[in-house]
Protein chains: 2
Amino acid sequence: MKRATIRDVAEKAGVSISTVSRVLNNPEAVTEEKGKKVLEVIEELGYSPNALARGLIHKRTKTLGVLVPDVSNIYAAGVLRGMEDAARERGLNLIICNTDLKRERMTEYLHILSEKQVDGIIYTSEPVFPDVYEAFQRLKLPVVLASTHSLEYPLPSVKIHDEQAAYEATQYLIKQGHTEIGMISGPLSDPIAGLPRLQGYMRAILEQNWHYHFEQTVEYGHYRYEDGFEAMERLHRKYPQLTAVFCASDEMALGVISYLAQQGMSVPHDVSVVGFDNTRIAHICLPKLTTVSQPLHDIGYCTVQKMEELLEHGEVKELRTYLPHQLVIRDSVRSLV
Amino acid sequence: MKRATIRDVAEKAGVSISTVSRVLNNPEAVTEEKGKKVLEVIEELGYSPNALARGLIHKRTKTLGVLVPDVSNIYAAGVLRGMEDAARERGLNLIICNTDLKRERMTEYLHILSEKQVDGIIYTSEPVFPDVYEAFQRLKLPVVLASTHSLEYPLPSVKIHDEQAAYEATQYLIKQGHTEIGMISGPLSDPIAGLPRLQGYMRAILEQNWHYHFEQTVEYGHYRYEDGFEAMERLHRKYPQLTAVFCASDEMALGVISYLAQQGMSVPHDVSVVGFDNTRIAHICLPKLTTVSQPLHDIGYCTVQKMEELLEHGEVKELRTYLPHQLVIRDSVRSLV
DNA sequence: CTGAAAGCGCTAACAT
DNA sequence: ATGTTAGCGCTTTCAG
């Protein structure tokens, strides 16, 4: 059996389709009596309006497209959750698209989303490459960036201040009396979570007028557990006197701890470790990780808020929003003072 | 500037709109010359067809709705990723909906998805309550269940065989020489991951003809780290002689390990622990967790495959699919033999 | 091979 | 207050 249309309802209720439309969209403009009758028939037929038809007319679908590198990533999933909460409150829906950092997949998704007439696009975690920006332009779709930003292009964005957060995390280690502080950084080529966090670390160290050769005190990895493990192996070899390590992600921090454990060193007794992100694992593992907390949920939530603002007014008051981060003190740092 | 329509293309190319439509949907039915001309204009205008209009006609949107308790949950996110991969390969998109286990939110989402004319609904992780099933019926939408199933209703589903997996995990502990084996189970009221896993544990124990009082050897929790911690506290009090614990989730297993560590006991030296799910944390934490691996990605992937089958043929060959699980041996179990 | 026209389900003027 | 009608952008007969 086919689903009922507005026409079916109108017929059965003995009114015109516009009356039915009115009880749904503008009930005051209809006699109470007829209104009630129509509502009854709607209930009886299990009628519900076709959003496609509506969207065709209004040119609004109440649907947003979300481009994310990988939903199964715990960080992305947290942000996504915040988006979804904000979206629900506003009657919006989210179509999620895994890009896996593949450019072709991104443009492919962008096309599909455009055809599906989404009201806007949320672009997550990745730098905005010129060809991507161009695609945004061509599609003429509102775009908001989540946990990434762009200094080249005027795109609204929501993230934390990574450089400052890393600065504060390093400063904390310094305040605890550490003077030999290494870092496991993300890739230098990552302008979002790589370079800025490294810069924050360096700023804190440079402030001390210490004699650091950063080539000796910094290693790199792609944020994953295994990367942290391997990077720590390299770092420890070239910088054995370190007493603390600041990591650009929680997973890498756990890799570091794991490597140290394997070498018979314990955290925080022998080496102190600070992570970044405050993902769920940070307070689950042993020792519990001192880490920089990103307000994942808020970032997602605020991104959708911003999108709504953009949709309503055609512009946003604050182009680039930097949400507050927080250093969460747990058990992975030892005080030397 | 508005986006180009098929009419704009037709005019500019000097053909009728039906010709443009043909170029897109049935290129062989058009002269090569005109075809080329039209393609050029399409490119020039940046035209892309409106999926809403198409959907209105075809009554197919190439969009699926996914109901999930919480995307930020690492388990759900893994399954979701598998779904997305399968969906992309088939030109489908996924609208995700967080239910937070709230019935009202579920029915609300179901309505919205129905209005948006999704081709089908994927329902994840939760038991199918009668009112939910009724809602499915009313909406007349194809439904497939992911990592849940229903024995009451004829709904296609994809999950692992939880009872058997738990049985094997417990059996493994027995084979390692353990005779005092406790369990941290999920809630009895959970017919998916709660009761079946407990039953598997009990079956393995009963097979040994041991004198177990399960009231003494089993405690319960809601799968989270904190639950595991607290449940272990209770379990250890009433069953102090245990040498191994089987947990219904990885997070609870880590809670157990954490509690034991706090009590000065070490895993696996003093107590062995087996988890369930093989989420990312299982191989990140110390000691690395021996656990039952669920093929999260496959579950999601297979669910979408099944949905496609249902959409194509109106039925599925195998109503309830049980994907193979696997016990992943790591470092959290000590052999006593 | 191509174009005209009907219509998918709905909303929004425009009449009445 | 209600009904009639013209589209929204597209596909699909049906003629030619």
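In what follows, every chain begins at residue 1, and chains take the letters A, B, ... in the order their sequences are listed. If you're wondering where the values come from, they're calculated on a predicted model, not measured in any experiment.
Base engagement by B:Ile17 is indicated by at least one non-hydrogen atom pair under 4.0 Å involving a base atom. Within the nucleic acid shown, B:Glu28 comes within 4.0 Å of sugar-phosphate atoms alone, with no base atom in reach, counting heavy atoms only. Residue contacts for A:Thr5: at a heavy-atom cut-off of 4.0 Å it reaches the sugar-phosphate backbone alone, with no base atom in range.
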- Message: Determine whether A:Thr148 and A:Ser125 satisfy the following criterion, side-chain contact (heavy atoms from CB on, under 4.5 Å), listing intermediate values before the conclusion.
- Response: CA-CA 5 Å; A:Thr148 178; A:Ser125 299; 5.6 Å; no
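Along DNA chain D, the nucleotide nearest to B:Ala4 and the one nearest to A:Ala29 differ in position, and the one closer to the 5' end is contacted by A:Ala29. Each of A:Asn50 and B:Gly14 was assigned the nucleotide of DNA chain C with the nearest heavy atom; the assignment lying further toward the 5' end belongs to B:Gly14.
The pair A:Glu134-A:Arg138 counts as a salt bridge, with a side-chain nitrogen and a carboxylate oxygen less than 4.0 angstrom apart.
In this structure, the CZ atom of A:Arg3 is 11 Å from the C1' atom of C:dG9, given to the nearest Å. One interatomic measurement links the two molecules: CZ of B:Arg22 to P of C:dG3, which rounds to 8 Å at whole-angstrom precision.
For A:Arg54, no side-chain nitrogen or oxygen approaches OP1 or OP2 of C:dC10 to under 4.0 Å. Contact check, B:Ser18 against C:dA4: no side-chain N or O comes under 4.0 Å of OP1 or OP2. Dashed line: the shortest gap from a side-chain N or O of B:Ser16 to OP1 or OP2 of C:dG3 is under 4.0 Å. Here A:Asn25 reaches the OP1 or OP2 of C:dT11: one of its side-chain N or O atoms lies under 4.0 Å away.
For the residue pair A:Gln137/A:Tyr133, the side-chain donor-acceptor check at 3.5 Å is satisfied. At a cut-off of 3.5 Å, with distance as the only test, a side-chain donor of A:Ser114 or B:Arg3 sits close to an acceptor on the other residue.
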